[in-house]
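These values consider heavy atoms only, across backbone and side chains, with no hydrogens, waters or symmetry-generated copies. Atoms within each ligand, like the ligands themselves, are counted from 1 in listed order.
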Amino acid sequence: MESLVLGIESSCDETSAALVKDGRKVLANETASQVAQHGRYGGVVPEVASRLHLETLPGLIGEVLKQGQVGFDDLTGVAVTASPGLIGALLVGLSAAKGLAFRLHLPLATVHHIEAHLYAVELDAEPVEFPALGLAVSGGHTELYYMEGWGKYRLLASTRDDAAGEAFDKVAKLMGLGYPGGPILEKLAKSHPEEKGKFPPSRMKDKSLDFSFSGLKTAVMLEVKNTPPQDEGARGRLAARFQNTVLSEIGWRVEEYLGSLKPKSLVVGGGVACNQALREVLKAKAEVHGATLRVPPPKYCSDNAAMIAGLGAFQLAHGKKADLSATAVPRASFL
Ligand code: KG4
Ligand code: ZN
């Protein structure tokens, strides 16, 4: 694959542009976070997000070209997140990508954000050995896949209600801790490694291995209401019990599939994969079952355009081109 793809990501509250060579080598990856602007509202405000993407994206594209020491004429393709995400936010990136592809006569790749989170393990790294068990854990998704190769997946389990990242965000909010909740709760939990307690597990009545995190969120909410944590210590222990529960919910399901499907690799992606404690749990499970844990460094776990450019390059190399009538879809599966 001889390619140089410009990637654009604008699905939620991070604007990002990146340049990726031959589908795996990241030449530049620049991300502008909008967390400060949304933080005071306790969550992402869609209209604000779209406007900020519009203001920030052109500068980021110029910056990555400069860092990569290339010009528009050196590009071989443009890739952009087209789904899932906030519709207005997605349209900003998609419009920019279409404009560039049209003007530069380049092929366009429309990429699914969650599939790209999994693909992120290939960035600046070796190709994945398949078959793999894929775990996508982000603010909107908690899913397990059986992966025979890129583009060849079977959904094994997904969440029936909240996603893991959403649970972190909601619990942090109800504890009055700010947004996004994941890093804040992880830090609090880390100060209480001695706390081994957990909230009750969730099990589906139909014996499926689907996830559910809304009961956990309600359990934390009731506890905060009935016995509010009064000091840093109590908040830390509560955060630890919450995080222990999320880790255990993910951990035993992953272990079940590692045992029954015997994949060669465990591929993990998405913002929640930044969580160090989760990475340790998954590492231990993968070791027991002889699978190689593939998890990107934190900069490629959170939203970034390098994963979009990487997967876009793969799609283009396999003839999967989008045309200029392509549209953004707020919710869609990539299967
Ligand atoms: O993948 P991502 O950046 O955006 C989406 O595609 O949703 O994921 C964001 C989510 C947020 O819910 C955030 O709280 C969570 O990832 N997150 C974490 C950590 N860092 C980010 N969750 C747990 N522990 C972390 N260290
Ligand atoms: Zn994401």
Subject >> Pair Phe334 and Tyr145, ring centroids less than 6.0 Å apart >> reply: yes

Keeping the roles fixed (side chain from [X], backbone from [Y]), state whether a donor-acceptor pair exists under 3.5 Å.
{"X": "His318", "Y": "Phe314", "value": "yes"}
{"X": "Thr81", "Y": "Ser83", "value": "no"}
{"X": "Ser16", "Y": "Glu9", "value": "no"}

How far is [atom] from its nearest protein heavy atom, and which residue and atom is that?
{"atom": "atom 24 (N) of ligand 1", "result": "Asn275 ND2, 3.0 Å"}
{"atom": "atom 26 (N) of ligand 1", "result": "Glu186 OE1, 2.7 Å"}
{"atom": "atom 15 (C) of ligand 1", "result": "Val272 CG2, 3.9 Å"}

**OP:** Answer with yes or no whether the side chains of Ser33 and Glu14 bring together a donor and an acceptor at under 3.5 Å.
**Re:** yes

Quick one: look at [X] and ligand 1, take heavy-atom pairs under 4.0 Å, and tell me if it's side chain, backbone, both or neither.
{"X": "His113", "value": "side chain"}
{"X": "Asp169", "value": "side chain"}
{"X": "His117", "value": "side chain"}

Original post:
So which protein N/O/S atoms does the Zn ion (ligand 2) have within less than 2.8 Å?
Top reply: His113 NE2, His117 NE2, Asp303 OD1

Original post:
Is the closest N or O pair between Gly270 and ligand 1 shorter than 3.5 Å?
Top reply: no

Subject >> ligand 1 to Gly182 polar contact by distance, N or O atoms, under 3.5 Å >> reply: yes

**OP:** Determine, using the 4.5 Å side-chain heavy-atom cutoff (strictly less than), whether Leu261 and Leu282 are members of one ILVMFWY cluster.
**Re:** yes

Original post:
In the single-linkage hydrophobic clustering (I, L, V, M, F, W, Y; side-chain heavy atoms under 4.5 Å), do Leu86 and Val111 co-cluster?
Top reply: no

Original post:
Counting heavy atoms not belonging to Gln67, are there more than 12 under 6.0 Å from its CD?
Top reply: yes

**OP:** Count the heavy atoms belonging to other residues, nucleotides or ligands that lie under 6.0 Å from CZ of Arg279, then report whether that count exceeds 12.
**Re:** yes

Original post:
Under the 6.0 Å and 45° cation-pi test, does Arg241 pair with Phe199?
Top reply: yes

Could you tell me, atom by atom, which parts of ligand 1 come under 4.0 Å of a heavy atom of [X]?
{"X": "Gly139", "value": "5 (C), 7 (O), 8 (O), 9 (C), 10 (C), 12 (O)"}
{"X": "Gly140", "value": "7 (O)"}
{"X": "Gly271", "value": "1 (O), 2 (P), 3 (O), 8 (O), 16 (O), 17 (N), 18 (C), 19 (C), 20 (N), 21 (C)"}

**OP:** State, yes or no, whether a side-chain contact exists between Glu143 and Leu155 at a heavy-atom distance under 4.5 Å.
**Re:** yes

Original post:
Does Ser302 have a non-hydrogen atom less than 4.0 Å from ligand 1?
Top reply: yes

Original post:
Which is closest to atom 4 (O) of ligand 1 in terms of heavy atoms, Val137, Asp303, Leu185, Leu278?
Top reply: Asp303

Original post:
Between Trp150 and Tyr153, what is the ring plane arrangement, given parallel below 30°, perpendicular above 60°, and tilted in between?
Top reply: perpendicular

